Every structure is written in structure tokens, then in C-alpha cells.
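Written out below as C-alpha cells is the structure these notes cover.
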Amino acid sequence: MGITYEDFLDREYEPTETDLVCQFYIEPADGIDWEAAASRVASESSNGTWAELQVEGSIRDLSATAFGIDEESGQITVAYPDALFEPGSMPQVLSCIAGNIMGMKAVDRIRLLDCEWPEKLTRSFPGPQYGTAVKTEILEAGERPATATVPKPKVGLTTDQHAQIGYEAWTGGLDLLKDDENLTDQSFNPFEDRLTESLAQRDRAEEETGETKSYLLNVTAPGTEMLERVDMAAEHGCEFVMVDVVTTGWASVQQVRERCERHGLAIHAHRAMHAAFDRIPTHGVSMRVIAQIARLCGVDHIHTGTAGLGKLANEDTVGINEWLHGECHGLDDVLPVASGGLHPGLMDRLLEALGTNIGVQAGGGVHGHPDGTHAGAVAFRRATEAAAEGEALEAAAEDCPELERALEKWGTETPR
Ligand code: CAP
Ligand code: MG
């Protein structure tokens with residue numbers, strides 16, 4: 001029996017409970033009508049191609065079906081049978097739903113907008129170990145957002161300088177020190193030295209403040225090297241690792257998740273390079289889908305933007321956070337992290353938009369404080385607490401000169 005593109009379209013099709021259902025935005029190319037475009041998306045992302053193929057038996061059971069076409073919104077809906085996928089392999093799933101179709105001539109634009117993950121496929125992935133529970137099981141942030149800072153400048157500081165900044169930020173009231181996405185194991189700040197010295201300062205700060213503190217250590221590296229860095233983090237008593245999930249790739253993320261299970265380490269996902277996929281609203285892969293993939297692969301935190309308040313372009317932070325907090329076939333939730341141009345003067349509007357079950361990170365918004373890192377940390381913690389309790393920032397500044405100075409310097413403006 002011959003199969004052609006047309007065999008991948010069925011407007012009457014009802015998805016089964018094990019189908020993965022994907023929503024795409026497309027712009028058919030000239031001379032290609034909507035049904036033709038939709039059938040080509042379903043075909044090329046499952047087991048079809050441009051030429052008629054003679055196939056026998058159950059091969060057809062692996063074919064995806066385009067069944068929804070909404071020309072007004074430009075959206076099509078495609079159902080993928082469970083048998084098409086290798087359980088627990090995110091690279092394989094993505095090679096289907098976000099693979100060659102992204103370059104097909106039959107469409108001028110195509111964007112994977114959203115996925116409805118079926119229970120069977122979802123449960124083949126580990127999901128997070130902690131999610132938002134990091135705030136109480138590892139840290140003592142309770143109901144307020146977990147607070148973090150990245151030493152700035154993002155790279156170039158020596159290990160001593162890095163660890164000292166950590167001490168000042170922790171004693172200023174912040175929960176977490178975080179490495180920047182491009183700080184890994186460079187000669188000016190080698191990985192293991194940074195780990196041991198930062199944790200030594202962490203221990204000092206815990207003793208002085210009586211609060212639990214931790215460190216989002218960037219273990220991003222090629223292949224097994226990254227797993228060795230995860231082991232080193234555990235051996236030295238760190239509770240978290242950070243991974244640049246997009247640049248390192250989902251296969252590596254899955255390996256790190258497995259290794260972190262062994263040590264009980266939580267995973268902070270930085271999404272550097274995500275904008276290469278999701279910035280143009282008519283093409284690529286949405287941040288919503290990237291966040292979904294990250295949850296299934298098992299990260300505990302992921303950056304999702306600042307609801308437009310910060311320095312970076314964001315896509316639907318509120319909607320993505322709702323999905324990360326929501327029910328997903330029993331998987332743990334994920335702590336969304338707001339970061340990028342944040343400073344104390346933005347915290348009331350940020351928490352109004354995103355609630356308090358998040359993490360908040362400020363680098364420039366702490367280290368750019370006129371009185372330095374420690375004062376910046378005091379101001380950021382005070383502003384976060386005030387916003388979480390619905391107290392006006394100006395009122396909070398009356399008993400916190402560090403916050404007053406920050407509001408004087410940055411006001412409530414969004415930096416660009
Ligand atoms: C923020 C940051 C983060 C971005 C990532 C930076 O620094 O360290 O990497 O927030 O973007 O390098 O820009 P500042 P996103 O606090 O000094 O702005 O959170 O959108 O993924
Ligand atoms: Mg950064």
C-alpha cells in the first residue's frame with residue numbers, strides 16, 4: 001500500500017489518551033493550501049516523506065495525524081502515536097516534533113507553540129526531585145520567593161573575589177549565590193577552587209546569620225566532565241547544580257538528572273540561547289514548550305522571565321509559570337525564576353504579576369548598589385519581603401537605608 005502526504009491528514013481524527021498532541025503556528029508557502037501544509041507537517045515529523053512509499057503492516061501505526069486547522073489563528077493541531085517515541089528520550093521526541101519540519105519549504109514559518117503531554121509518555125521521564133519544595137526542603141524561604149544573586153561582572157573575577165562577594169550577599173540576607181551562565185572552569189576562576197572557597201564562605205555566612213544558604217554552581221561542560229563536576233559538588237556539600245540546559249542539550253540534562261538523583265542534588269536550569277528558538281513569535285519553539293521539556297527532564301528551577309519588567313524580552317511568563325506550578329500526571333512542579341534587570345524597585349510589581357512561589361535573581365540590581373554588594377543584598381531581601389507581604393517599598397525603605405538608597409538610584413524603572 002502506498003502512503004503519501006495526504007494520508008497524514010484526518011479532520012475527523014480523535015486523539016487517543018496516549019497520543020502526544022502538538023499545537024503549531026504555520027504560514028503555508030505560496031501555492032500550498034492549509035490541508036497540504038498540515039499533512040506535510042504531520043508526515044515529515046513522524047514517518048513520511050515527499051515521495052509515495054510502499055509500506056506494509058504496522059508502520060502506518062507510527063504515523064502522526066494532522067486533525068485541527070484554524071486558518072484564522074494560523075494554528076494546526078497534530079497527534080503523535082505513543083509508539084513513534086522512545087520512552088524517556090527527549091532528544092528523540094524533539095527530533096520528531098521540532099526536527100526537519102522547522103526547515104520545510106512547504107511552510108514559510110512554523111512554530112511549535114504547545115504540547116499536551118499524555119500520561120504514558122510523561123511518566124517515562126523522571127520529572128523534578130524537589131521543584132518548589134527547594135524553598136523549604138533545602139532553603140528556609142518559606143512563603144517568600146527564594147532570593148539569589150550572580151556576582152558581576154559575570155566573568156573575570158578571581159576565585160577569592162567571587163567567594164567574598166558570596167559572603168557579602170549571603171550575610172546581606174540572600175539565600176543563594178549563583179554562577180553566571182558563561183562561568184565554568186576558566187583559569188581566572190577555576191571550578192574546584194571556586195566550589196571549595198565559595199562553600200567555605202557559605203559556611204561562615206550560615207554561622208553568622210543562622211540562616212540556610214546555598215550555591216547554584218554551574219557544572220556545564222562537555223560529556224562526562226559535567227557528571228564529574230556534579231559528583232564534586234556533592235562531595236563538597238553543595239545542594240544545587242546549575243546547567244545551561246539549551247546549550248548543553250537535553251541528552252546531557254537527562255544524564256545530569258540521573259546523577260543528581262544519586263546525590264539528592266537540585267538542578268537550576270539556565271536557559272541561555274533560548275531566545276534563538278523562541279524570540280520570533282512566528283517561528284521556532286516556544287519557551288512554553290522548552291519549559292515543559294525541562295520539567296519532564298527533571299530540573300527543579302528554570303528561568304521564565306520577569307513578565308516584561310526586566311531587561312530581556314519575555315514570552316508569557318505568567319502562563320508558563322502556571323504550567324510549571326500546575327498538575328502534570330503526578331510530576332513534581334518546577335520553581336520558576338525571574339531574572340534579568342531586576343532591582344529592588346521592581347519587586348512589588350513583579351510579585352503582583354507572578355506571586356511569591358518563585359525564585360528572584362538580581363546581579364546588577366545587587367552589585368550595582370551605590371554602597372556595594374552587602375548593602376545591595378540587604379535592599380533586595382528587604383524589598384522582596386516587603387513585596388511578598390504587600391508592604392509598600394517606600395514604607396519599607398523608612399527602616400532600611402540600603403533600600404532607600406537603591407530606590408533613589410534606580411527608582412522603579414525597567415533598565416534597557
Ligand atoms: C542576569 C543574568 C541572567 C539573565 C538570564 C545575565 O543578570 O545573569 O543570565 O537573567 O536571562 O547574565 O544577564 P542581571 P533569563 O541581574 O545583572 O540582569 O532570566 O531571561 O533567562
Ligand atoms: Mg547571566
Side-chain angles (χ1 to χ4, degrees), residues 3-50 60 62-82 84-85 93-119 121-122 274-275 277-293 296 304-305 308 313-324 326-329:
I3 57 169
T4 63
Y5 279 147
E6 286 60 43
D7 295 309
F8 294 83
L9 177 75
D10 178 357
R11 305 296 295 270
E12 307 309 315
Y13 181 77
E14 293 280 338
T16 71
E17 64 177 26
T18 57
D19 283 352
L20 169 62
V21 176
C22 293
Q23 201 75 22
F24 294 92
Y25 169 87
I26 64 167
E27 292 175 12
D30 283 349
I32 303 271
D33 67 32
W34 279 89
E35 291 205 340
S39 63
R40 281 157 179 70
V41 171
S43 165
E44 296 285 356
S45 57
S46 60
N47 67 347
T49 188
W50 61 274
R60 281 294 281 122
L62 306 180
S63 301
T65 306
F67 64 97
I69 296 178
D70 178 357
E71 296 186 21
E72 207 171 316
S73 68
Q75 297 187 13
I76 66 167
T77 315
V78 178
Y80 296 85
D82 180 64
L84 175 65
F85 302 117
V93 172
L94 291 173
S95 295
C96 297
I97 63 175
N100 296 355
I101 51 174
M102 293 292 158
M104 271 189 335
K105 284 182 182 170
V107 290
D108 289 337
R109 293 282 181 278
I110 179 167
R111 184 180 174 87
L112 175 56
L113 297 171
D114 198 4
C115 298
E116 240 174 78
W117 298 89
E119 179 160 9
L121 181 61
T122 301
H274 74 97
F277 293 96
D278 63 28
R279 176 108 192 238
I280 308 299
T282 56
H283 190 77
V285 178
S286 70
M287 181 58 210
R288 183 178 179 84
V289 171
I290 293 174
Q292 293 173 349
I293 293 165
L296 268 68
T304 61
N314 293 156
E315 168 210 322
D316 186 22
T317 304
V318 173
I320 294 170
N321 289 12
E322 268 165 20
W323 192 89
L324 291 174
E327 173 43 40
C328 180
H329 304 303

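Because the structure is predicted, anything quoted here is derived from the model rather than measured. When reading the values below, keep in mind they use all heavy atoms of this one structure, side chains included, and skip hydrogens, waters and symmetry mates.
Using a 4.5 Å heavy-atom cutoff, the side chains of Met287 and Asn314 are not in contact. Looking at heavy atoms from C-beta onward, Leu121 lies out of side-chain contact with Thr18 at the 4.5 angstrom threshold. Within the 4.5 Å cutoff, no side-chain heavy atoms of Gln75 are placed close to those of Thr77. Side-chain contact between Leu112 and Met102 is present, with at least one heavy-atom pair separated by less than 4.5 Å. Residues Ile101 and Phe24 form a side-chain contact, since some pair of their non-hydrogen atoms from C-beta on lies under 4.5 Å apart. Side chains of Cys115 and Val21 form no contact here, defined as non-hydrogen atoms less than 4.5 Å apart. Residues Thr49 and Ser43 fail the side-chain proximity criterion, which asks for heavy atoms closer than 4.5 Å.
Side-chain contact, Asn47 with Ser63: a donor N or O sits under 3.5 Å from an acceptor N or O. Under the 3.5 Å distance criterion, with hydrogens and angles disregarded, no donor-acceptor pair is assigned to the side chains of Tyr25 and Ser286.
The shortest heavy-atom contact between Phe8 and Ala64 is CD2-O, 3.4 Å. Of all non-hydrogen atoms in Trp34 and Gly74, the two that sit nearest each other are CH2-CA, 3.5 Å.
Side chain of Asn321 to backbone of Val318: no donor-acceptor contact under 3.5 angstrom is found. No side-chain donor-acceptor contact under 3.5 Å links Asp19 to the backbone of Ala79. Looking only at distances, a side-chain donor or acceptor of Thr317 sits under 3.5 Å from a matching main-chain atom of Thr304. In terms of modelled atom types and a separation under 3.5 Å, the side chain of His329 and the main chain of Thr122 share no donor-acceptor contact. With hydrogens and angles ignored, the 3.5 Å screen pairs no side-chain donor or acceptor of Thr65 with any backbone N or O of Phe67. The main-chain N or O of Asp108 is never found under 3.5 Å from a side-chain atom of Glu27 such that the two would form a donor-acceptor pair. Of the possible polar contacts, one joining the Arg111 side chain to the Ile280 backbone as a donor-acceptor pair under 3.5 Å is found.
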Walk me through it: do Val41 and Ile110 pass the test side chain to side chain contact (heavy atoms under 4.5 Å, CB included)? CA-CA 9 Å; Val41 171; Ile110 179 167; 3.9 Å; yes

Worked check of side chain to side chain contact (heavy atoms under 4.5 Å, CB included) between Ile320 and Glu315: CA-CA 8 Å; Ile320 294 170; Glu315 168 210 322; 4.2 Å; yes

For Leu113 and Val289, run side chain to side chain contact (heavy atoms under 4.5 Å, CB included): C-alpha distance rounded to whole Å, both residues' side-chain angles, the deciding distance at 0.1 Å, then the answer. CA-CA 7 Å; Leu113 297 171; Val289 171; 5.9 Å; no

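Environment of CZ in Arg60: crowded, with over 12 heavy atoms of neighbouring residues, nucleotides or ligands closer than 6.0 Å. Taking a 6.0 Å sphere around CG of Asp70, one finds it holds more than 12 heavy atoms contributed by other residues, nucleotides or ligands. For Glu17, the CD atom sits in a loose shell: 12 or fewer heavy atoms of surrounding residues, nucleotides or ligands are nearer than 6.0 Å.
For the atom pair CG (Asp10) and OG (Ser39), the distance works out to 12.0 Å, reported to the nearest 0.5 Å. Expressed to the nearest 0.5 Å, how far CG of Leu84 lies from CG of Leu62 amounts to 6.0 Å. One distance of note links CD of Glu44 with SG of Cys96; it measures 12.0 Å at 0.5 Å rounding. If you take CD1 on Ile26 and CD1 on Ile69, they are separated by 7.0 Å, rounding to the nearest 0.5 Å. A distance of 5.5 Å separates CD1 of Ile97 from CG of Leu20, quoted to the nearest 0.5 Å. Rounding to the nearest 0.5 Å places CG of Leu324 at 9.0 Å from CZ of Arg288.
Looking at Glu35 and Arg11, a side-chain N of the basic residue comes within less than 4.0 Å of a carboxylate O on the acidic one, giving a salt bridge.
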